[in-house]
Amino acid sequence: MKVLVTKDYDELSKEAFKVMKDVLDANEAAVLGLATGSSPEGLYAEMVEDHKANGTSYKDVVTYNLDEYVGIDRNDPQSYYTFMNDHLFKHIDIDPDNTHVPYGDTAEDAKKYDDEVKGVDIQLLGIGRNGHIGFNEPGTPFDERTHIVELTESTRDANKRFFDNDINKVPTHAISQGIGTVMDAKKVLLIANGEDKADAIKAMIEGPLSIDCPASVLQNHPDCIVIIDEAAASKLSH
Ligand code: GLP
């Protein structure tokens, strides 16, 4: 695991963009594993800006998103499908048919999506305050594939800011790529900023490999780069 600490979120987004751009430059038909949440917003803004300024093309790029809430409409303003369109897809020249965001609430829906996710060149990840990746909450087996997840109170609480600050409006379930699915990616890029991620980052990097911190599995990934700001790095021993 390679760790890069940046002074702030802006620098983090620029460094993450460099990693993403290397993958895009190496293969015009790159397969990107994408994530939602506040963490990647700056990176997506960099990708959009670069597309507009330098013409980097996504014509043949394919994307697979990590997760989606269960029980809200695809076009709901809070769906991850809407998030991806608003922050990235509608601003670049990607073919909508090449973009994939999981959807559904059954084991069959999850299996079907898992079968589609193939050959991911780079998987982008954020991290939850409890160390979750995608929506793989603590306790999820490391070899789990795409599945339906019951969200923890802590995750619903963290995400209520997108739902009128009302935890009762936050969906209780999600469909998420499993840790086994995520680990199949050739390269993983995890980004995190802010002090409320510092405990999860410490457990991921310095803690034991344990399902109590799902992100600790990345210690086993052959090509994982972690880019964090000083606040998220503040609890690391060195
Ligand atoms: C959600 C998403 C994760 C994301 C995490 C952190 O739970 N399912 O993929 O990494 O939140 O979100 P944020 O980047 O907003 O802190």
Side-chain angles (χ1 to χ4, degrees), residues 6 8-10 12-13 16 32-46 63-72 76-84 86-88 100-104 110 113 117 120 122-140 144 146-163 165 167 169-179 181-183 185 188-201 203-204 213-218 224-229 231-234:
T6 63
D8 56 21
Y9 180 68
D10 190 48
L12 176 157
S13 301
L32 313 180
L34 299 178
T36 51
S38 316
S39 309
E41 284 182 15
L43 164 60
Y44 292 154
E46 293 288 330
T63 67
Y64 292 101
N65 263 77
L66 274 177
D67 48 13
E68 177 62 283
Y69 290 116
V70 163
I72 63 176
D76 187 286
Q78 299 313 335
S79 79
Y80 286 169
Y81 178 82
T82 300
F83 176 100
M84 289 311 302
D86 287 352
H87 287 89
L88 186 64
H100 307 85
V101 179
Y103 191 66
Y113 189 73
V117 182
V120 174
I122 181 167
Q123 177 64 57
L124 173 65
L125 295 175
I127 187 170
R129 293 177 198 166
N130 61 5
H132 74 240
I133 48 177
F135 269 132
N136 294 284
E137 300 282 23
T140 311
E144 184 101 84
T146 303
H147 59 299
I148 306 295
V149 190
E150 179 168 5
L151 302 176
T152 62
E153 184 88 7
S154 125
T155 297
R156 294 179 66 229
D157 185 63
N159 290 355
K160 73 178 182 202
R161 66 192 195 278
F162 300 113
F163 294 87
N165 253 333
I167 194 167
K169 292 188 180 167
V170 184
T172 54
H173 290 75
I175 179 169
S176 178
Q177 282 190 33
I179 293 175
T181 322
V182 168
M183 288 294 279
V188 172
L189 166 62
L190 184 142
I191 54 178
N193 64 291
E195 220 180 307
D196 61 342
K197 300 291 172 70
D199 285 320
I201 290 296
M204 171 180 81
C213 176
S216 68
V217 73
L218 297 171
C224 174
I225 172 152
V226 174
I227 306 182
I228 49 181
D229 72 351
S234 59

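Indexing begins at 1, ligand by ligand and atom by atom, following the structure's order. One is the number of the first residue; the rest follow in order along the sequence.
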Report the part of Glu68 in contact with ligand 1, treating N, CA, C, O as backbone and CB onward as side chain, heavy atoms under 4.0 Å; options are side chain, backbone, both, neither. neither

Please report the shortest heavy-atom distance between Ile127 and Ala192, naming the atom on each side. CG2-CB, 3.7 Å

Is the closest heavy atom of Arg161 to ligand 1 under 4.0 Å? yes

Counting non-hydrogen protein atoms only, what is the nearest one to atom 3 (C) of ligand 1? Give residue, atom name and distance. Gly134 O, 3.4 Å

Identify, for atom 14 (O) of ligand 1, the protein heavy atom at the shortest distance, and state residue, atom and that distance. Ser39 OG, 2.5 Å

Which distance, rounded to the nearest 0.5 Å, do you find between the CD1 of Ile122 and the OG1 of Thr63? 13.5 Å

May I ask you to identify, for Tyr80, whether its side chain, its backbone, both or neither come under 4.0 Å of ligand 1 on a heavy-atom basis? side chain

For ligand 1, is Ala35 a contact, meaning one of its heavy atoms is under 4.0 Å away? no

Taking only heavy atoms of Phe135, which atoms of ligand 1 are found under 4.0 Å from at least one of them? 1 (C), 7 (O), 8 (N)

Reported CG-to-CD1 distance for the pair Leu124 and Ile191, which is rounded to 0.5 angstrom: 5.0 Å

Heavy-atom contacts with Asn159 under 4.0 Å: which atoms of ligand 1 show up? List them by number with element. 1 (C), 7 (O)

If you measure only the distance, is there a donor-acceptor pair under 3.5 Å linking the side chains of Tyr69 and Asn159? yes

Nearest heavy atoms of Arg161 and Ser38, plus distance in Å: NH2-OG, 2.6 Å

Within-shell test, His132 vs ligand 1, heavy atom, strictly < 4.0 Å: yes

Protein heavy atom at shortest distance from atom 6 (C) of ligand 1: Ile127 O, 3.5 Å

I need the single residue from Lys160, Glu137, Arg129 that forms a side-chain contact (heavy atoms from CB on, under 4.5 Å) with Thr155. Which is it? Glu137

Do me a favour and list the nearest non-hydrogen protein atom to atom 4 (C) of ligand 1 with residue, atom name and distance? Thr36 O, 4.0 Å

If every non-hydrogen atom of Leu12 is compared with every non-hydrogen atom of Asp229, which pair is closest and at what distance? CD1-N, 3.7 Å

Please work out whether any backbone atom (N, CA, C, O) or any side-chain heavy atom from C-beta onward of Ser38 is under 4.0 Å from ligand 1, and answer side chain, backbone, both or neither. both

closest protein heavy atom to atom 8 (N) of ligand 1 is Asp67 OD2, 2.7 Å

If you scan protein heavy atoms around atom 16 (O) of ligand 1, the nearest is Lys197 NZ, 2.6 Å

Atoms in ligand 1 flagged as close to Gly37, the criterion being non-hydrogen separation under 4.0 Å: 14 (O), 15 (O)

Considering all heavy atoms, the nearest Gln177-Asn65 contact: NE2-O, 3.1 Å

For Tyr81, does the OH atom sit with more than 12 other heavy atoms under 6.0 Å from it, leaving out its own atoms? no

Give the atoms of ligand 1, by number and element, whose distance to some non-hydrogen atom of Gly126 is under 4.0 Å. 10 (O)

Of all heavy-atom pairs between Pro214 and Gly131, which one has the smallest distance, and what is that distance? CD-O, 3.3 Å

